[in-house]
Structures are given as structure tokens and as C-alpha cells.
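See structure below.
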Amino acid sequence: MNRRHVIVGGAGLCLLAGCDPRAEGPADGAAALEAEAAAARAVLPQSAPAAALLQPWTGPYGGVPPWDQVTPAGLREAIVEGIDLQRADIMAIANNPEAPTFANTLVALQMAGEPLDRALAIYGVMTQNIGSDEYQDVETEAAPLLSAAFDEITFNSALFDRVKAVADGAAKAGLSPAQTRLTERRRDDFIRNGAALDEAGKAELGRINTALSSAFTRFGQKVVTDEKTLTHIPGEAGVKGLPESDQAAAAAAAKAAGLKGWAIPNTRSSVDPFLTFADDRSLRETVWRKFVNRGDNGGETDTNADIAEIVRLRTERAKLLGFANHAEWRMQDTMAGTPAAAMSLMERVWAPAKARVTEEVADMKAIAGHDIEPWDYLYYAEKVRRAKYDLDVNQLKSYFELGAVKRGAFYMAERLYGFVFTPLAEGTVPTFNPDVEVFEVTDKDSGRHIGLFYSDDFARPGKSSGAWMTTYRSHSTFDGAKNVLASNNNNFVKAEEGRPLLISLDDAETLFHEFGHALHYLSSNVTYPSLGETPRDFVEYPSQVHEHWVLSRPILDGFMKHVETGEAMPQALVDRIAASQTFIQGYATVSYLSSALVDMDLHTQATPPADIDAFERDSLARLGMPKEIVMRHRLPQFNHLFTSDAYSAGYYSYLWSEVMDADTWAYFEESGDPFNPEIASRYKALILAPGNTTDRGDAYREFRGRDPDVAALLKVRGFPVT
């Protein structure tokens with residue numbers, strides 16, 4: 001899944017009063033003005049630890065984050081001082097006595113708050129990837145301060161008046177299409193976030209936003225605490241049925257926790273294999289309950305009250321801003337546009353998905369001889385898979401050694417887009433953990449440096465669960481070309497020393513998914529940073545489509561080789577995988593889609609529910625949720641929804657994006673070449689590189705020659721095309 005800190009502004013302050021408003025970047029003299037602003041900032045005191053995080057990054061590759069200089073105290077101070085520096089930048093723009101122009105207002109806003117931007121890039125990593133008690137304390141303190149700081153920008157009437165004046169006069173000023181889009185989007189974003197409210201309304205909205213920021217932090221920290229738990233298995237009988245590689249990982253997890261025997265960490269990458277292979281039904285239930293009840297156990301880590309507060313505050317905010325509910329407000333800047341449009345797509349898929357579950361359960365009951373419970377589903381589905389398709393997913397893991405999977409992803413990037421990934425020697429650049437690998441990314445034909453890719457693969461206590469991508473620095477050219485610093489973050493449990501780390505096909509596809517996010521940002525060719533951010537229901541599309549290349553023949557032949565024999569996966573096995581791809585789509589679709597539907601149901605309520613568990617049960621009952629399946633993300637641990645607003649009323653976006661993803665993969669397949677250079681070149685140029693400089697729906701139609709076809713999605717999932 002894409003985890004980034006989207007900051008108002010992006011780099012330094014420029015008071016470009018005399019700039020040509022039609023220029024694509026800062027005019028002559030901008031460097032001198034920036035130097036003047038930087039000198040003014042120097043008046044503010046900075047301790048050495050804070051200064052290291054606020055100053056421009058030094059070192060090779062355009063400067064890199066100083067991970068070796070980060071301390072909790074220094075980070076806390078850097079954020080506080082960075083807010084003051086950003087405030088000075090914003091006040092200089094808002095109080096500029098000259099008439100507002102694109103240069104002295106919009107370009108200046110792009111550059112405002114650069115020191116804070118750098119500190120927040122580090123803050124995001126230390127709170128998500130390290131997550132120690134000390135960094136959680138920093139997060140608890142910083143969240144409300146940051147919320148108030150960004151509200152202060154939105155609520156600055158003088159600043160909003162300047163932005164609005166430039167946007168309203170864009171045509172008369174002769175702004176380019178990209179400049180006009182940037183200006184109008186910034187004006188609309190100000191309005192959408194309360195800039196047009198009266199002073200009383202702004203005060204109330206500020207109170208709501210600050211309260212939300214604190215609630216988001218509490219929620220995330222409670223879930224992380226529940227994910228630090230594990231299930232200890234002292235006897236060998238408890239791991240019977242587990243593949244050798246999973247047993248080794250469980251043994252390593254127990255050893256790391258100071259326990260004898262085996263342990264199953266409370267994260268999906270460990271729980272799902274256990275539920276798939278472990279023969280002990282009672283232990284499967286224990287592991288399953290611990291996992292699905294994260295955040296729902298009462299006591300200090302229970303999140304239900306936090307969710308109720310978040311939903312109540314979101315409803316208050318939506319009504320204050322003139323919307324009926326949070327979903328209507330949140331979906332203003334999306335491709336779907338309205339909750340009804342998102343619901344229409346989800347409902348089209350929901351019915352055939354439930355019908356497929358009925359078929360899957362019947363097949364499993366015939367083998368099990370008893371009713372199927374949620375902790376049975378993956379276990380008996382695997383037995384059906386073996387019987388129907390002569391396919392053992394455990395057999396597949398021997399072909400997916402982690403290092404080989406990563407090299408296969410790099411090969412995909414080189415074949416499709418001409419990116420070459422070269423590992424840096426340890427110590428070349430600082431990293432936030434010794435396990436992090438760093439690669440330089442260059443252009444194959446020209447050798448041009450594009451950026452760095454940080455690969456953080458392993459689970460650790462305090463690290464957020466799941467997988468995600470982030471950028472420490474994104475591409476832009478408006479004040480000098482900026483290279484990309486991107487990272488992928490996974491939660492694989494380390495294998496015992498000397499043993500290969502084997503991952504599942506599903507994990508391999510997840511790795512390619514997150515790598516697709518990185519490729520999106522590495523491909524970026526935008527002038528202004530704000531136009532690098534795409535709508536929420538588009539952003540998953542470039543990541544999801546790249547999952548398809550995992551089983552393409554060139555990658556299988558070159559990289560996914562059996563860990564013992566060195567042989568590539570035989571085509572007969574690939575064919576059996578292909579035949580079984582739709583086998584468990586009922587489970588996969590219902591578990592995901594129920595989460596998306598409950599999300600939309602929750603955020604379209606006229607009256608926010610107080611009893612979250614009861615709401616979840618009632619919502620699932622209205623949907624006719626099959627009893628054999630649980631939501632992929634139950635509300636008490638639904639980080640997508642309750643650690644920020646980013647995916648709230650937006651979890652549907654994976655399905656929305658998958659329509660485009662399935663249609664795009666069909667385009668490559670129909671060409672007869674999964675690496676078709678002409679299609680890949682057009683995909684990079686039209687879909688990946690432009691960011692949000694043009695309407696993304698228009699971009700897709702230019703790429704594909706028509707709107708995306710939902711039939712491609714239904715076909716991929718093996719559902720009837722209606």
C-alpha cells in the first residue's frame with residue numbers, strides 16, 4: 001500500500017516579485033532572493049541535532065537524509081523549529097505588498113517550508129519504520145502541532161486571497177496549462193479545506209483537525225502495540241503441516257523473542273501461512289482470533305472509542321464545510337467523484353464474489369466434513385487447490401527467494417522503462433537501520449542518474465505492519481532538477497542464518513505492487529511538486545498493474561529459479577497456477593470488498609455510530625457477508641482509515657484502480673509481448689511521468705484509446721461478465 005507526507009509547499013522561500021508569470025520556473029534573481037530568505041531564517045536558534053535535520057541534505061546523489069544524525073530529541077526540536085520557519089515563509093508570501101502573480105504566490109508556495117519538509121520526511125520513517133517508544137512520544141507531541149500549523153496556512157485570508165486572485169485571472173495572465181491547473185487546484189484545495197469559512201468556522205475546523213490528528217496517532221500506536229504480540233508454540237506438534245521455510249521463520253521469531261520452540265508474530269505475513277498450512281485446528285483459531293481482534297480486546301489498546309471519536313469529528317467537519325457526510329467531502333478530488341459512483345462499481349462485483357464463495361465453501365466442506373469457520377478457509381482452500389489443480393502453493397515458495405524476487409523486479413523496470421538498479425556498497429549513504437539496502441537508479445541508455453531506492457524488507461518491533469512505499473524526495477524541476485529518493489518497506493521475518501528467505505507468490509506480488517509505486521515516482525517528469533500527486537483512486541493503478549509481471553516467462557526464466565535445483569519454474573506448473581488463479585477469488589474479493597463497502601457505509605452515515613463493533617456487525621449483515629470470511633481489515637485495526645484521512649471513504653480505490661490495471665494488462669497480453677516496448681513507452685509517457693498535470697481519466701483514454709473496460713476485471717477474477 002503508498003504512505004507519503006504531503007506537505008503544503010515543498011522547498012525554500014522565493015519572493016519572485018519581478019518574475020514573468022508565464023515562466024516555467026523561477027526567474028533570474030530567484031537564487032539571491034532565496035539566499036536572503038535563508039539568512040532571515042538563520043535568526044531562529046537551532047541546536048546541532050535539529051539543524052542537521054532542517055538544513056539541506058548533504059552528501060552524494062543530490063544530498064541524502066542524515067539518518068546517522070537522527071535522535072528523538074533532535075527530531076522533536078526540528079519539527080518545532082521547522083514549523084516556525086515555515087510560518088515565516090508563509091507570512092512573507094501573504095504579506096508581499098506587490099500584486100499577486102503566479103511567480104510570487106504559487107511558485108513561492110511550492111518552495112515554502114523546505115526545512116520542515118525535510119524534517120517530516122525523516123519523521124515519517126522514524127515513526128513508521130522504527131516506531132520505538134521514544135519516537136511514538138515524538139509523534140504524540142508533534143501530530144497536533146503539525147495539524148495546527150497546516151490549518152494556519154489554509155486559514156490565512158491574505159494568502160488565500162492571493163491564490164484565488166491568481167487562479168481567477170489565469171487566462172488573462174497567459175498561464176500555461178500546467179500553471180493553470182496548479183493554480184486552480186491549489187485554490188480549490190484551500191476552499192475544500194475551509195479557507196472560505198468565517199473566523200468562527202475556521203476556529204471550529206481547527207479544533208476538529210487538531211483533535212483528529214491526536215486520535216489518528218492514538219489509533220495507530222494502539223494497533224502497533226497489539227501487533228507486537230505473538231503466539232508461542234512450545235511443541236513441534238503445533239507447527240505440523242507448516243512448510244520447512246515457515247517453520248524456520250517461526251523458530252527464528254521465537255529465538256528473537258527469547259523463547260524456545262516456535263512463535264507466530266501477529267502480522268499478516270506470518271499469520272496467513274500458518275492459517276494455510278498448520279494442521280492444528282485449535283491453534284489456527286487461536287492465531288486467527290489474535291490477528292483479527294487487534295485493537296478490539298478492551299483495555300489500553302482498544303481502538304473502538306478512538307474510531308467513534310474520529311467518525312464523529314469527520315461528520316462534524318463535513319457538515320461545517322457544507323457536505324452531507326465525510327465521504328462526499330473526501331471524494332471531491334477523485335476519479336469516482338461521488339460515493340454513488342464508487343458504490344456502483346463495488347456492487348457490480350460484490351454479488352458474483354459472494355456467489356463464488358458459496359461454491360468455494362461447498363468444495364471445502366466436501367473435504368473437511370464439517371462447517372467451514374474463518375480459521376479453516378485458507379487451510380481447506382489449499383487442500384481443494386491441490387485436489388482440483390494438482391497445485392501445492394508450498395511448492396511454489398521454493399521459486400521465490402527474496403533476493404531473486406527483488407532482482408526480477410529490477411529486471412522488469414529495466415525492460416519496461418530503462419531503469420537500471422545498482423547496489424551501493426554498505427556505508428555509501430546512511431540508512432535508518434543496518435538491514436536497509438540502497439540502490440542507485442540510472443537510465444540504461446544515457447547513464448543519467450535518476451535517484452536512489454531504499455529497500456527495507458524485514459519486520460522489527462514497533463514497525464508498522466504490512467507493506468508500503470514512500471519517498472523522501474520527489475522529482476520536480478521548477479527550482480532545479482530534483483532526483484528521487486524512494487523506498488519500499490516490507491515485513492518479512494528473517495530466516496535463520498545461512499538459510500534462504502523464501503516468500504509466497506502472494507508476497508512476491510505484493511513486493512512487485514509496492515515496487516510499482518516506486519516506479520511511478522521514479523518515472524515522474526513534473527515541473528511543480530504539487531502536480532506529482534495523483535487522485536487516491538488512481539494512485540494504486542500503476543502499482544497493481546505491475547503485479548502481473550511476476551509470472552511472466554522472462555522473469556521466471558531469469559530469476560524465479562528453484563532454490564535447490566536452480567531450475568526455472570516449468571511451464572506446466574505455471575499453467576496450473578494460471579488455471580487456479582480464479583480458484584479462490586471469492587475469498588480474496590469478499591474479504592477485500594467487505595472492508596471497502598463497510599468503509600463507505602461508515603462514512604456516509606447521517607449520524608455517526610457510537611458503538612463501532614455493533615456498526616460493523618450490522619453493516620456486514622446488510623451486505624449479506626458470508627459467515628466463513630472476515631473482513632480483510634476489521635474496523636478496530638483498519639490503519640488505512642484511521643491513521644489519517646488518506647484512504648478514508650477511499651478503500652474502494654484498489655478496485656477502481658484494478659479496472660484500469662486489468663484492462664492495461666489485457667493490452668500487453670493482446671500484443672503478444674508482456675514487455676511490448678511501444679506500449680511500455682506510451683505507458684511511461686502518458687500514465688507514469690505526467691503525475692497530475694492532466695486529468696487522469698483523459699490520460700487513460702489517450703493511452704488505451706477508450707475508457708477502461710470493467711469486463712477485464714471480471715475476467716481476471718473469473719466472474720461472469722455482465
Side-chain angles (χ1 to χ4, degrees), residues 1-2 393 396-397 399-421 439 441 444 453 455 457 467 469 486 488 490 503-523 539-561 568-571 573-582 588 654 657-689 703-704 708 712-713 715-717:
M1 252 101 339
N2 183 29
V393 294
L396 302 182
K397 293 185 73 171
Y399 292 95
F400 297 114
E401 188 273 325
L402 176 60
V405 174
K406 288 167 64 173
R407 291 191 297 274
F410 297 158
Y411 173 82
M412 172 186 69
E414 182 174 348
R415 282 285 303 270
L416 290 173
Y417 311 124
F419 294 145
V420 176
F421 288 73
F439 301 81
V441 186
K444 179 181 179 180
F453 176 72
S455 183
D457 292 317
M469 177 268 175
N488 275 180
N490 297 296
I503 64 176
S504 67
L505 172 58
D506 182 66
D507 284 336
E509 289 172 342
T510 297
L511 188 148
F512 271 57
H513 173 108
E514 299 303 336
F515 189 61
H517 281 304
L519 294 177
H520 191 180
Y521 285 94
L522 289 164
S523 300
V539 75
E540 294 297 338
Y541 158 44
S543 56
Q544 289 178 192
V545 74
H546 287 95
E547 296 176 28
H548 294 280
W549 273 275
V550 171
L551 292 177
S552 64
R553 196 69 250 177
I555 287 179
L556 292 174
D557 290 340
F559 304 94
M560 311 307 191
K561 296 183 178 181
M569 185 182 292
Q571 189 59 42
L573 180 55
V574 178
D575 292 342
R576 295 204 303 275
I577 294 173
S580 71
Q581 288 282 48
T582 62
Y654 289 92
S657 293
E658 192 179 348
V659 174
M660 295 179 284
D661 135 40
D663 199 37
T664 298
W665 181 244
Y667 194 13
F668 276 97
E669 283 192 310
E670 290 161 6
S671 76
D673 179 5
F675 291 94
N676 184 296
E678 180 183 355
I679 297 175
S681 177
R682 293 181 65 247
Y683 189 78
K684 182 180 181 182
L686 297 173
I687 301 297
L688 300 181
F703 166 67
R704 195 66 168 95
L713 167 65
K715 180 181 178 182
V716 164
R717 291 187 175 253

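Note that the numbering runs from 1 along the sequence shown for the chain.
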> Considering all heavy atoms of both residues, which atom of I679 and which atom of N676 are nearest to each other, and what is their separation?
Replying inline: N-OD1, 2.9 Å
> So, does R704 use its side chain to make a donor-acceptor pair with the main chain of D663 at under 3.5 Å?
Replying inline: yes
> Between atom CD of E509 and atom CG of L505, what is the distance when rounded to the nearest 0.5 Å?
Replying inline: 4.0 Å
>> On a heavy-atom basis, which atom in P542 and which in L688 lie closest, and how many Å separate them?
In response: CB-CD2, 3.6 Å
> Can you name the residues that form a salt bridge (charged side-chain N to carboxylate O under 4.0 Å, His left out) with K444, not counting sequence neighbours?
Replying inline: E414
> What's the spacing between T664 OG1 and E658 CD if we round to 0.5 Å?
Replying inline: 11.5 Å
> Is a salt bridge present between K406 and D457, judged by a nitrogen-to-oxygen distance below 4.0 Å?
Replying inline: yes
>> Can you give me the closest heavy-atom contact between G516 and H546, atom names plus distance?
In response: CA-ND1, 3.7 Å
> Minimum heavy-atom separation for S455 to F439, with atom names?
Replying inline: CB-CE1, 4.2 Å
>> Minimum heavy-atom separation for L519 and S523, please, with both atom names.
In response: O-OG, 2.7 Å
> Is it true that E401 and K561 have a side-chain N and a carboxylate O under 4.0 angstrom from each other?
Replying inline: no
>> Checking Y417 against S681: is there a side-chain donor and acceptor pair closer than 3.5 Å?
In response: no
> At what distance, to the nearest 0.5 angstrom, does CD of E540 lie from NE2 of H517?
Replying inline: 3.5 Å
> With no hydrogens and no angle check, do the side chains of Y411 and R415 hold a donor and an acceptor under 3.5 Å apart?
Replying inline: yes
> Checking side-chain contact (heavy atoms from CB on, under 4.5 Å) for the pair V659/Y541: CA distance, chi angles, key distance, verdict?
Replying inline: CA-CA 8 Å; V659 174; Y541 158 44; over 6 Å; no
> Quick one: which of F515, F512, F419 gives a ring pair (Phe, Tyr, Trp, His ring centres under 6.0 Å) with F410?
Replying inline: F515
> Tell me, do F421 and L522 make a side-chain contact under 4.5 Å, heavy atoms counted?
Replying inline: yes
>> Distance check, rounded to the nearest 0.5 Å: T510 atom OG1 versus N490 atom CG?
In response: 8.0 Å
>> Go through it in stages, so that I can follow the logic: the residues are Y667 and Y683, the test is side-chain contact (heavy atoms from CB on, under 4.5 Å), and I'd like the CA-CA distance, side-chain angles, deciding distance and then a yes or no.
In response: CA-CA 11 Å; Y667 194 13; Y683 189 78; over 6 Å; no
> Rounded to the nearest 0.5 Å, how far apart are CE of M560 and CZ of R407?
Replying inline: 9.5 Å
> How far apart are the C-alpha atoms of L573 and L396, what are their side-chain angles, what is the distance that settles it, and do they pass the side-chain contact (heavy atoms from CB on, under 4.5 Å) test?
Replying inline: CA-CA 9 Å; L573 180 55; L396 302 182; 3.8 Å; yes
Can you give me every donor-acceptor pair (side chain of residues 547-554, partner residue at least two apart or in another chain, under 3.5 Å) with its distance?
from	atom 1	to	atom 2	distance (Å)
E547	OE2	H513	ND1	2.8
H548	NE2	D661	OD1	2.7
W549	NE1	P674	O	2.7
S552	OG	W549	O	2.8
R553	NE	D557	OD1	2.9
R553	NE	D557	OD2	3.4
R553	NH1	M569	O	3.3
R553	NH1	Q571	OE1	2.7
R553	NH2	D557	OD1	2.8
R553	NH2	M569	O	2.5

>> According to side-chain contact (heavy atoms from CB on, under 4.5 Å), who are the partners of A680, at least two apart in sequence or on a separate chain?
In response: L416, F668
> Can you list the steps and then say if S543 with H520 is a side-chain contact (heavy atoms from CB on, under 4.5 Å)?
Replying inline: CA-CA 8 Å; S543 56; H520 191 180; over 6 Å; no
>> Minimum heavy-atom separation for M469 and A486, please, with both atom names.
In response: CE-CB, 4.0 Å
> In Å and rounded to the nearest 0.5 Å, what is the NZ to CD1 distance from K397 to I503?
Replying inline: 8.5 Å
> Hey, are the side chains of L556 and V574 touching, using non-hydrogen atoms and a 4.5 Å cut-off?
Replying inline: yes
